[in-house]
Amino acid sequence: MTNEKRSSFTGKIGFVLAAAGSAVGLGNIWRFPYLAAKYGGGIFLLVYILLAVSFGFALMTAEIAIGRKTGLSAIGAFSALQKKYTFIGVLASVVPVIILPYYSVIGGWVTKYLYAFVTGGAVATAKDEYFDGFISQTTEPIIWFSVFIGITALIVLFGVEKGIEKVSKFMMPVLVALSFFIAIYSICMPGAWEGVKYYIMPDFSKFSATTVLAAMGQLFYSMSLAMGIMITYGSYMKKDVNLESSVTQIELFDTGIAFLAGMMIIPAVFVFSEGTPEALGKGPSLMFVTLPKVFETMAGGTYIGLIFFLLVLFAALTSSISLMETVVSIVCDKFKVNRKLACLLVFVFSVVLGLLSSLGYGVWSEVKIIGMQFLDFFDFISNSVLMPIVALLTCIFIGYVIKPKAVIEEVELNGKFKRKKLFEVVIKYIAPIFIVLILVSSVLDAFGKFSI
Ligand code: PHE
């Protein structure tokens, strides 16, 4: 982001909407429902909400506060607070570099579905084989992936994010309204009730360390935490905006959309595939396979589907822009190149890395790293390994190096910090201990599966 943009968020609404623009994206609509479906439904939802009001709240408050305190993005902020700890900022910056390419591959899938709905292919997309047929090809997914990342790069290159933000401020409420409508439609389908129960009622026998890790990784991913992005947003936040209530609003917004997306998709899995473990465990393809079937049964479903994919594309673009912005500014600072060149470098690098993810579903589907396809592997490394590590280091840094007081003071610039005690306890004790336990057990688990 350019300098003149610092302090450009006008008031609280401006800040909340901008941060929500980065937070709300494919993570909410595509990733959350497939994880919830896979990891036991209600138990995943419960763990996610508990984590959101504790870890999510504490980390987002901390990141925005250190951003606003220092007026700098991740690397600069950590270095300004304690030079020795600059490496946390550096590590945080690696995350968006890994996410951007594969995020754009999924963005490409959304673009393809939008195109199919526009050109009268909606009925075909509802067929079981459609999605697999599409992603197992070589060139087509690559073309859509390039279109998506190309649009993102052009927006970042020409600095027209402002325009996009304006449009998305209008699109976002429409997305919420449409999601409500589709979710209600979904749960009214015959046979959907079993799915609603599965999604809402926790089944404690399905609880495991992997459930918690998946929920934690999802929390970081969905709220754009543990990768320096909220630090950057904080650096643009005015001192007179209430930090604590902004965090609450961003969290509510983000979690609300994820919850609705689950409601659209999970009951429908029960309607169309009887909620079998295979159907629920589909993973990244779940939204693409399920929603077109819902649209097919709806009167005017082609139009609803078209508007839906258009809105999802916008939500995905506002997120990919914030990802690319971050990576471009890191490249500018680190290699002392101008923005144009930095954009080009990031674009080329992301295309190359994204190609692996795209081809991993097609001709390279046999290639596995610790038992995973490329896309799943990049997703695992960023969400289940790097982000928890960055979150852990951030907690230790704030809890024991600069002390929670540094953050509390910043929050209290605008009145009382209502959940101060909760913040302190989570940052100092609960989060660090918990993250270590979960991280160790799940990484052992991933490698354990591999060695069998
Ligand atoms: N939070 C975004 C989502 O839910 C993804 C994202 C991650 C965006 C990191 C920016 C930075 O889709």
Side-chain angles (χ1 to χ4, degrees), residues 1 16-36 48 51-52 56 59-60 63-64 67 73-74 91-111 148-149 152 155-156 161 164-165 168 171-172 175-176 179 214-234 236 247 250-262 284 287 311-330 346 350 375 378-379 381-384 386-388 390-391:
M1 290 185 199
V16 170
L17 283 176
S22 163
V24 175
L26 295 172
N28 309 61
I29 301 159
W30 156 76
R31 201 170 184 277
F32 182 84
Y34 87 68
L35 289 179
Y48 185 84
L51 288 176
L59 259 177
M60 193 182 287
E63 291 198 10
I64 295 178
S73 357
L91 207 56
S93 309
V94 177
V95 179
V97 177
I98 301 176
I99 294 184
L100 176 64
Y102 86 81
Y103 198 86
S104 304
V105 172
I106 317 290
W109 298 353
V110 173
T111 319
F148 183 88
I149 196 159
T152 307
I155 294 170
V156 173
E161 299 89 331
I164 296 297
E165 266 166 30
S168 91
M171 297 275 223
M172 205 76 101
L175 178 65
V176 176
S179 301
M216 195 162 73
Q218 171 61 16
L219 178 77
F220 298 151
Y221 185 93
S222 183
M223 297 194 179
S224 306
L225 294 173
M227 54 183 107
I229 289 189
M230 283 298 155
I231 302 184
T232 310
Y233 276 90
Y236 296 109
V247 169
I250 301 165
E251 285 211 313
L252 272 177
F253 208 65
D254 193 74
T255 310
I257 296 206
F259 176 74
L260 282 177
M287 169 183 108
L311 294 169
V312 174
L313 180 63
F314 257 88
L317 273 174
T318 51
S319 297
S320 65
I321 291 164
S322 92
L323 280 167
M324 193 179 250
E325 268 290 352
T326 314
V327 183
V328 166
S329 62
I330 295 165
V346 172
S350 303
L375 194 147
F378 288 131
D379 192 83
I381 285 294
S382 51
N383 293 284
S384 301
L386 273 174
M387 275 142 90
V390 172

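These values consider heavy atoms only, across backbone and side chains, with no hydrogens, waters or symmetry-generated copies. Ligands are counted one by one from 1 in listed order, and the atoms in each one are counted from 1 as well.
Proximity of V110 to F148: side-chain heavy atoms (C-beta onward) are nowhere separated by under 4.5 Å.
For atom 8 (C) of ligand 1, the nearest protein heavy atom (residue, atom name, distance) is S22 O, 3.5 Å. Looking at atom 4 (O) of ligand 1, its nearest protein heavy atom turns out to be A23 O, 2.8 Å. With hydrogens left out, the protein atom closest to atom 10 (C) of ligand 1 is S322 OG, 3.3 Å, a heavy atom. From the protein, the heavy atom lying nearest to atom 11 (C) of ligand 1 is I229 CD1, 2.9 Å.
Taking every heavy atom of L26 and a limit of under 4.0 angstrom, the matching atoms of ligand 1 come to 12 (O). Of all atoms in ligand 1, listed by their number and element, those nearer than 4.0 Å to a heavy atom of N28 are 4 (O). Interface atoms of ligand 1 facing S319, defined by a heavy-atom separation under 4.0 Å, are 2 (C), 8 (C), 10 (C), 12 (O).
Side-chain atoms of S22 never come within 3.5 Å of backbone atoms of A18 as a donor-acceptor pair (strictly under, hydrogens ignored). A donor-acceptor pair under 3.5 Å links the side-chain atoms of N383 to the main chain of D379, judged by distance alone.
Heavy atoms of L323 approach ligand 1 to within less than 4.0 angstrom. For the pair S224 and ligand 1, a heavy-atom separation below 4.0 Å is found. Ligand 1 lies less than 4.0 angstrom from a heavy atom belonging to Y103.
Note that the CH2 atom of W30 and the CG atom of L35 stand 8.5 Å from one another [nearest 0.5 Å]. Interatomic distance, L26 CG to L317 CG, rounded to the nearest 0.5 Å: 9.0 Å. Rounding to the nearest 0.5 angstrom, the gap separating the CG atom in L219 from the CG atom in L59 is 8.0 Å.
Taking each heavy atom of F32 and Q218 in turn, the nearest pair found is CB-NE2, 3.6 Å.
Remark: ligand 1 and V24 share no N or O pair separated by less than 3.5 Å (distance only, no angle test).
For the residues E325, M227, M387, the heavy atom positioned nearest atom 9 (C) of ligand 1 is part of M227.
Of the candidates S320, S104, S319, T152 forms a side-chain hydrogen bond (donor to acceptor under 3.5 Å, both in side chains) with just one, namely S320.
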